[in-house]
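Please read all numbers here as calculations on a predicted model, not as lab measurements.
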Amino acid sequence: MTSWPAIRPIGWMRGCVLLLGLLLAAVAPSAAGGAAAAPNRTVLVLHSYHQGYEWTRGQADGIAKVLEEEAPTATAIPYYLDWKRFPDRSGLEHLRALIAFRHPQGTVDALITTDDAALEFALDLRRELYGPVPLVHGGVIAATARRLTAGESNVAGVDEGKDIEGTVRMAVAANPKLRRLYLLRDQTESGLALDVEVEALAAAGRLPAGLMPQVLPDLPLARLEETLATLPPDSAVLLGTYASDADGMGLPPEQFLELMSERSSAPIYGLQDFLLGHGIVGGNLLSAQQHGRAVGRLAARLLSGNGVADLPAEANRSVSRAVDYRQAERYGIDVTRVGPIDRLINKPFSFLETYRWLVVTVGGVLLLLFGMVLVLSFALRERRMAESALRVSNDALSDSRRQLQAKVEELTASKEALRERERWMRLIAEASRDIIWTWDIVKDRRVLSGRVEELLGVDALSIDSLAAWFDRVHPDDRAHAEEELCAHLSGKRPEYRVEYRVRHRDGSYLWLYATGKALFDEQGHPTIMCGSYTDITAQKQQQARLDHLAHYDSLTGLPNRLMLERHVDRLIAGNRLRGQGGSLALLFLDMDNFKFINDGFGHKAGDELLAMMGRRISTGAGEGLFVARLGGDEFVVVVQGGDACAAAEVARRVEQALAAPFLVEGQHFYVSCSIGIARYPWDGRCFDDLLQNADTAMYRAKDNGRGSICSFTADMNLNVVERMQLLSRARLAFDRQSFSLQYQPQVATADGRVRGFEALVRWTDSELGPVSPDRFIPVCEDSGLIVPLGLWVLETACVEAVGLGCRGAGDVTMSVNMSAVQLAQHDFVPRVLEILARTGLPPHRLELEITESQMIGSLDAAIGKLNALRQAGIHIALDDFGTGYSSLTYLRTLPINTLKLDKAFINDVHRRPDARSMVSSISRIAHDLNRSVVAEGVEELAQWEALSLMGCDLVQGYFVSRPLPADRIDAFLAAWEERRAGLPVARDDVVVGMPSAAATRSSPPVS
């Protein structure tokens, strides 16, 4: 234990360091203020569409990059109206209220907008809130921009100029026989503007002669695909804006274009560069990023002090002439006919074409060198041949004598080896577990070893011919066995290897692995053949069992995930191969509250219930439907064909099948399922997307009240996106050290003194504002961020506890909450002890708080770690008692020092007798087990009085104090000492409802 004299120098040094830091912080602003820095300017960037829309993303990137380069003092704050997917005026009203709250009048220096909806919204903001602040717009055609800004002052912009004429002329150059130009667009204002511009070009005679523009009808996606697939060869398609089809089904532009171009029989030309590489042949494409950079340059000039009248006319050359080589080849278009090209993508790399002169030069040099090498090699070869001839003639005589001697020795050794080999072969044939056989092909006589009778139950002499043997082969395998034998005897196979079944004497069949090799005479005819038969029946049976285990669930006998994925992929591939737009649906079923059955009645009962449930689902779904088990209590039903009603009807049949109770081990269980439905191709075009979206719909069904059916919709992914955004902001906040700690005091009821503080982590985000721990703690736990964050909280709290002791607060305890993820780390205990050693906090002044739910599933491991911490002197508290399982077993088995009562027990303790009785009972049990009791959420004096009479050792809540920043703790301690004198103090002889437990306990130490 560190004494006061030892701690005091450390605290004095830290105080000096802190004072020096404060002085430097005070000097830094004044020094910085000496240089007349340009004031920060606030710019609102309003986008009409959502952040994931490629056109909007390109404009936003261009604007942001130019402002960063040319207006570094400007702070650009983006907002997305998402008008294309959600054209709802009420949403604009909510956004207008949010902007007015965040950016009041006088705090915005300029407005930047992209596309029509944002321009109208910004003009309304100026009229209602900001007045004539500078406004720069982009992404709006000239006529619409003039109409919207008529009568408005201090407005500038870059008109959206799509080069329709240049794109059409590229299409005519690529196909001189082009006569029909089909316009593909939706019914939005941007889509209909394409018709107006094409009609204006035709009226002005600026379109090639003989070209007839036609508008494709507004159709559902499936029918639109069929229409594009039947276009004549003299036609082309010009793609405008397309957000949704006639049924309101929306797809991202890239996905829509890939879907359409896959079926289209005519080339598709576009007007925007982000579509290049997704299915268009090419065109004079408008670059969203270049367009955004032009808008950003105008805004930068306005922010630098130029007026609208002083701005130069912005030339809108954001168009590049581009071609997709792969799409051009698909439609037989010669890219050299379309004229000069700025960008050519997807063209295969040709080394010869790129480095032609280098190849020619290097090839010539190599040929010259090769000729010289040939001349030199020929000369050397002539010399070496002469020398070799002399050596050969000298060695020939001596070699002939040695060869004759070696030949005699070799013949003698071969004779002895042949005798030895015969003895070995005879031994092998007698000892082998296989059937060894020989076949005189000329005489058709076969000899088999003696194990024939052991394996097949017949005498070897009864099958001494090839016909007799094949008569015992299984009829289904006979043709294949004969084919392989003929292939070897004809020389097509070097060996004879085949597996087939042979009939036993009792009528059963054995699997044999047959091998053999034939000898051939000088004319190439086979004369004799030898081989073996190996019994592989056990291996075949084992392989069959392994195959079944690999593809089927061992508990229910249903196909597993692997079989499900293969089945769905096969159905999708079949639809694509046949060119049909057929649909299928995945029904994702999850049993509600299965965990309680498993935990309450054991895994054996849970397994039996799952097996019965699998049979009920198969029966309820109907004959011919594919049913699989993914694992746990999750099942999937595949419904092929039909409309949305067909999948819903199957789901209702399954619900009805599960309505009857399940009788398991004498208990009746009533089971309900939450069912999510995802349909192909609307909710996904591959197995993984369909399964994920069906799973998402199933969880939405659970949120709707369990036991319900829910079909997938695109907005269900918003929760996932919001969770990812929250995780991203949390990681950024941790890197920037944006988290902070507040400390809530804990006061003894016996004397009113402050005995400890609980450290609470807080986060206020620059965009999200204050974020509740209930929101960011689960996200941090799922991502693993809770491990470094928890270590930071623990170390910061320990440093503050040491500081409190140095400032005279006494031997107060610091309580820190621990996550289940932290507790599961293998090095959790060494990390805690390392932080205590580094900060100098005595172990008995640290209390780690855990919850009941952290014990579930890993009780033994958790108890082992908690025991190690207690042995080191650290206190353990069981937090939120009463909100979880509230098992009294935990009070006896868990190595805890303190029991913390949840606020739900405390709310009515001063008003209701039953609440007082429950708190009194829990306090007495805890004290009997030598555990102290802390009451959380105390907000009134009456609660303090009741709890002090019922034996609660410590109280914590707003009655004492709200959580405090570290710099306000000293002021609280001083004020509390004045307030403490008027508080009621617990008496050992008065306890509500029962004898006092405090009389048997010693008082807590006084700080």
- Result of checking Arg753, Arg755, Arg845 against Asp811 for salt bridge (charged side-chain N to carboxylate O under 4.0 Å, His left out): Arg845
- Where the side chain of Ser728 meets the backbone of Met724, is there a donor-acceptor pair that is under 3.5 Å apart? no
- Leu894 side chain near Ile863 side chain, heavy-atom distance below 4.5 Å: yes
- Go through the structure and list residues passing side chain to side chain contact (heavy atoms under 4.5 Å, CB included) with Asn817, not counting sequence neighbours. Glu758, Leu760, Glu849, Asp879
- Message: Enumerate the ring-ring contact (aromatic ring centres under 6.0 Å, His included) contacts for residues 751-774, please, sequence neighbours excluded, ordered by first and then second residue.
- Response: Phe739-Trp763, Trp763-Phe776
- Note on the structure: Contacts of Glu767 meeting side chain to side chain contact (heavy atoms under 4.5 Å, CB included) (sequence neighbours excluded), chain-then-number -> Arg729, Asp765
- Message: I'd like to check the salt bridge (charged side-chain N to carboxylate O under 4.0 Å, His left out) partners of Glu665; sequence neighbours left out, ordered by chain and number.
- Response: none
- Main-chain N/O of Thr749 paired with Ser948 side-chain donor or acceptor, under 3.5 Å: no
- Results of ring pair (Phe, Tyr, Trp, His ring centres under 6.0 Å) for Phe959 - residues two or more places apart only: Trp944
- Query: Does Ser815 have any side-chain hydrogen bond (donor to acceptor under 3.5 Å, both in side chains) partners at least two apart in sequence or in another chain, and if so, which?
  - Reply: Glu847
- Is the shortest heavy-atom distance from the side chain of Arg980 to the side chain of Val754 under 4.5 Å? no
- Query: By salt bridge (charged side-chain N to carboxylate O under 4.0 Å, His left out), which residues pair with Glu634, not counting sequence neighbours?
  - Reply: none
- Any donor-acceptor pair under 3.5 Å linking the side chain of Ser708 with the backbone of Ala701? yes
- Query: Would you say Arg931's side chain and Ile896's backbone share a donor-acceptor pair under 3.5 angstrom?
  - Reply: yes
- Should the heavy atoms of other residues, nucleotides or ligands under 6.0 Å from CZ of Arg968 be counted, would the total exceed 12? no
- Item | Residues in side-chain hydrogen bond (donor to acceptor under 3.5 Å, both in side chains) contact with Lys903, at least two apart in sequence or another chain | Asn907
- Evaluation steps, side chain to side chain contact (heavy atoms under 4.5 Å, CB included), between Arg916 and Leu949: CA-CA 10 Å; Arg916 290 194 294 273; Leu949 294 175; over 6 Å; no
- Query: How far apart are the C-alpha atoms of Leu768 and Gln725, what are their side-chain angles, what is the distance that settles it, and do they pass the side chain to side chain contact (heavy atoms under 4.5 Å, CB included) test?
  - Reply: CA-CA 10 Å; Leu768 305 176; Gln725 290 176 345; over 6 Å; no
- Task: Could you check Met950 against Val909 for side chain to side chain contact (heavy atoms under 4.5 Å, CB included), going step by step and ending with a plain yes or no?
- Result: CA-CA 10 Å; Met950 284 184 284; Val909 73; 3.0 Å; yes
- Item | Nearest atoms (heavy-atom pairs only) where Arg762 meets Pro963 | NH2-CG, 4.0 Å
- Query: For Asn930, does the CG atom have more than 12 heavy-atom neighbours from other residues, nucleotides or ligands under 6.0 Å away?
  - Reply: no
- Message: Give me the atom names and distance for the closest heavy-atom approach of Tyr743 to Thr796.
- Response: OH-O, 3.9 Å
- 4.5 Å side-chain heavy-atom contact, Ile906 and Glu936: no
- Message: Evaluate Thr898 against Ser932 for side-chain hydrogen bond (donor to acceptor under 3.5 Å, both in side chains), listing each step before the verdict.
- Response: CA-CA 5 Å; Thr898 305; Ser932 59; 3.2 Å; yes
- Task: Would you list the pairs meeting salt bridge (charged side-chain N to carboxylate O under 4.0 Å, His left out) in which at least one residue belongs to residues 824-836, sequence neighbours left out?
- Result: Asp827-Arg831, Glu834-Arg838
- Would you indicate whether the side-chain heavy atoms of Val919 and Cys952 approach each other to under 4.5 Å? yes
- Query: Is any side-chain heavy atom of Leu941 closer than 4.5 Å to a side-chain heavy atom of Glu945?
  - Reply: yes
- Rounded to the nearest 0.5 Å, what separation is found between the CG atom of Leu741 and the CG atom of Leu794? 10.0 Å
- Message: To check you understand the geometry: which heavy-atom pair defines the closest contact between Arg700 and Cys710, and what is its length?
- Response: CG-SG, 3.7 Å
- To the nearest 0.5 Å, what is the distance between NZ (Lys865) and CD (Gln822)? 11.0 Å
- Message: Please enumerate all residues that pass salt bridge (charged side-chain N to carboxylate O under 4.0 Å, His left out) together with Asp914, with sequence neighbours excluded.
- Response: Arg912
- Query: Pick from Val832, Leu841, Val793: which one makes a side-chain contact (heavy atoms from CB on, under 4.5 Å) with Cys798?
  - Reply: Leu841
- Query: Does the side chain of Trp792 come within less than 4.5 Å of Gln737's, by heavy atoms?
  - Reply: no
- Mind listing the closest non-hydrogen atom pair of Thr107 and Pro104 along with its distance? OG1-O, 2.6 Å
- Task: Drop me the distance from Leu727's CG to Cys780's SG, to the nearest 0.5 angstrom.
- Result: 7.5 Å
- Taking only residues two or more places apart in sequence, or in another chain, which ones meet Arg102 in a salt bridge (charged side-chain N to carboxylate O under 4.0 Å, His left out)? none
- Note on the structure: For Tyr958, the ring pair (Phe, Tyr, Trp, His ring centres under 6.0 Å) test, sequence neighbours excluded, returns none
- Message: Under the criterion side chain to side chain contact (heavy atoms under 4.5 Å, CB included), I'd like the reasoning laid out for Phe972 against Val960: C-alpha separation, chi angles, the key distance, then a yes or no.
- Response: CA-CA 10 Å; Phe972 161 77; Val960 178; 3.9 Å; yes
- Message: With rounding to the nearest 0.5 angstrom, report the CG to CG distance, Leu947 to Leu954.
- Response: 11.5 Å
- Message: Among Ile835, Leu869, Leu836, which residue satisfies the side-chain contact (heavy atoms from CB on, under 4.5 Å) criterion with Leu846?
- Response: Leu836
- Query: Is the CZ atom of Arg979 crowded by more than 12 outside heavy atoms at less than 6.0 Å?
  - Reply: yes
- Task: Considering non-hydrogen atoms only, spot the tightest contact between Pro773 and Val761 and give its length.
- Result: CG-O, 3.9 Å
- Spatial distance of atom CG (Asp590) from atom CG (Asp633) [nearest 0.5 Å]: 4.5 Å
- Message: Quick check: do Met698 and Asp695 have side-chain heavy atoms less than 4.5 Å from each other?
- Response: yes
- Taking the side chain as C-beta and beyond, is there a heavy-atom pair between Met818 and Leu823 under 4.5 Å? no
- Of all heavy-atom pairs linking Pro745 and Arg962, the shortest is CD-O, 4.4 Å
- Item | Euclidean distance, Met918 CE relative to Asp908 CG, rounded to 0.5 Å | 11.5 Å
